[in-house]
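Some notes on the structure that comes next.
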Amino acid sequence: MEAGVLNTWSPAGRLRRAHAPVVLAVAWRNVRLRYKSSILGFVWSLLNPLLFLLIFLFIFSRAFPQVENYAVFALTGLIFWSFFATSSAHILGSLVESAHVLRSLAVPPIVFPLAQLLAGLFNLLLSFVPFAGILLVFGWQPTWNSLLVLPALLLFSVFLFGLGLLLAALNVFFRDIGLLWGALLPAFFYITPIAYPPDLVPDDLAWVAGLNPLYHYISLFRSVVYEGAMGTGAQWGLTALIALVALFLGWSVHRALRRGYIANY
Amino acid sequence: MIELKGLQVDYLVQRHGFRSIKEYLVSFGSKRLLERKRVLHGVDLQVERGECFGILGRNGSGKSTLLRVLAGIMEPSAGTVRVNGRVAPVLALGVGLEPELNGWENARLCGVLMGQDRTEVRRTMEQVRDFTGLSAEDLDMPVKRYSTGMMARLGFAIATANDPDVLLIDEVLAVGDAAFQRKCYARIDELKAKGCTIVFVSHYLGEVQKICDRAACIEAGEVVRVGHPHEVGVHYHELLGIPVE
């Protein structure tokens, strides 16, 4: 069998290079579907973080006088939080939502979580343009280091995909996972320093905050975008490590459960 | 050509209840969360090139599972599967269709999902225009407003557009109107003449007798009879306890 040909008979379980057009086609469908019957369409991916920013500005800007330029501080956190919250939920539901296709066409299941990640990334990258404008209005001063946001985003995406794949696989068997995730997301939002500066966490609880993977990613994004720094080696190393662990976990669980999907969607 | 030898297929079914989850977690995953449920118990079948082969069987007898193995959706747990050539599944028509997208967009997406390359997708679009009998207005409309028959037309056109070597049909022609059914049968004959192997699953004998050269009857995951469609049909009706019309 030729490696580049898909439509000869072969079991569909594994993702191969020839599946690239399939992943892209599904990702493009996701992009189009996300806002298909909404009036504001793509604007929603900006509006959500901006509404939060507005609330933050009203409530918190006086509460944290030690934070220089609170609007830029909060928005750099919110952009990536919002990407995380939406994409993780989309990836989580991707397998179950595609059950009708997976039951009748020979497509590897992993195509659908992957396509959701790509659709989310596409949306985020597109939203960088207007967000950069808004940040500049608030007095953000970009540096060359700001471009490090791209490799940081790559690590964050690997982490997000691993976590999402784990949740998506479990969600095939227990729909509780989806409901649980919906309840956990707001909790993560509050324990991660998005609205407040991380030094607000008392010293003796700092290790607890460090257990939250999002804490490290948000700090990295803040370092390169808000502070215009390069980020420390420890920051990059740790986020890369978390990403690989998450990917390994998600992939292993997916592989162990994959053959059971078809009877349980 | 299709050749199945000692084909066994299991579904991994979730063991229900909280206790099974607890056992699974406490044992760190070494206790099984999933149970095997055998659906096909050693199926041997051979379908020649250019043959139209019917599969009759009651609900839950394993017909659709057999088709899923032929389509490459499920892997056998034992036995061998040989399917030569490009397979096009028409399992429950309209199934890969996305309700919010229009006919054209769906044709493109479905084609890609079925593994068609760029040229094949273009041919699929032409076939959708020529074969479905849907107007340009219909094809520009989101598929969620289509009737079941219109979906079936679109699905059939997409699956048969590129002269597949093996065509799998899961009791789907019944939803179209008489004119469309005739068109489908004509297209099936045309494909057969080109050497396309067709596996046609149904629980309705009339359809099978009409288009199939040979047939098999499946009962509880085993092939109980293979032969001329009429002879197999009589056996099938004996199983059902209803005389052949």
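Here is the naming used below: chain letters follow the sequence lines, and residue numbers restart at 1 for every chain. Hydrogens, waters and symmetry mates are skipped; everything else that's a heavy atom, side chains included, is used. It should be emphasised that the depicted structure is a prediction, and the values quoted were computed from it without experimental measurement.
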Legend entry - Min side-chain heavy-atom separation Val26(A)-Leu113(B) under 4.5 Å: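 The answer is yes, as the side chains (C-beta and beyond) meet within the 4.5 Å cut-off.
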Inset, instruction - Could you check if a side-chain atom of Arg103(A) sits within less than 4.5 angstrom of a side-chain atom of Ile73(B), using non-hydrogen atoms only? - result: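 Result no, sub-4.5 Å side-chain heavy-atom pair not found.
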Legend entry - Among the listed options Arg36(B), Lys37(B), Glu105(B), the residue most often paired with chain A at heavy-atom distances under 4.5 Å: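 Most heavy-atom pairs within the cutoff with chain A belong to Glu105(B).
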Take atom [atom1] in [X]; do more than 12 heavy atoms of anything else shown fall under 6.0 Å from it?
{"X": "Arg108(B)", "atom1": "CZ", "result": "no"}
{"X": "Lys192(B)", "atom1": "NZ", "result": "yes"}
{"X": "Phe248(A)", "atom1": "CZ", "result": "no"}
{"X": "Trp104(B)", "atom1": "CH2", "result": "yes"}
{"X": "Leu205(A)", "atom1": "CG", "result": "yes"}

Legend entry - side chain to side chain donor-acceptor pair (under 3.5 Å) partners of residues 48-59 of chain B, not counting sequence neighbours, each pair once: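 Non-adjacent pairs meeting side chain to side chain donor-acceptor pair (under 3.5 Å): Glu51(B)-Arg214(B), Arg58(B)-Glu219(B), Asn59(B)-His203(B).
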Inset, instruction - Taking all non-hydrogen atoms of both residues into account, name the closest pair between Ala106(A) and Ala71(B) and its distance. - result: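 Heavy atoms of Ala106(A) and Ala71(B) come nearest at CB-O, 3.3 Å.
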Inset, instruction - Identify the heavy atoms of Ala263(A) and Val13(B) that sit nearest to each other, and give their distance. - result: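 Closest pair (atom of Ala263(A), atom of Val13(B), distance): CB-CG2, 4.4 Å.
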When rounded to the nearest 0.5 angstrom, what distance separates [atom1] in [X] from [atom2] in [Y]?
{"X": "Arg258(A)", "Y": "Leu12(B)", "atom1": "CZ", "atom2": "CG", "answer": "11.5 Å"}
{"X": "Ser104(A)", "Y": "Leu168(B)", "atom1": "OG", "atom2": "CG", "answer": "11.5 Å"}
{"X": "Leu33(A)", "Y": "Glu98(B)", "atom1": "CG", "atom2": "CD", "answer": "4.5 Å"}

Inset, instruction - Name the region of Leu109(B), side chain, backbone, both or neither, that has any atom closer than 4.5 Å to a heavy atom of chain A. - result: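 For Leu109(B), the side chain is the part near chain A, not the backbone.
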Legend entry - Part of Arg259(A) within contact of chain B (heavy atom distance under 4.5 Å):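 For Arg259(A), heavy atoms of backbone and side chain both lie under 4.5 Å from chain B.
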Inset, instruction - Tell me, for Leu102(A) versus chain B, whether the close heavy atoms (under 4.5 Å) come from the side chain, the backbone, both or neither. - result: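 Contact with chain B involves the backbone of Leu102(A) alone.
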Legend entry - Contacts of Arg255(A) that satisfy side-chain hydrogen bond (donor to acceptor under 3.5 Å, both in side chains) - sequence neighbours left out: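 Arg255(A) satisfies side-chain hydrogen bond (donor to acceptor under 3.5 Å, both in side chains) with no other residue.
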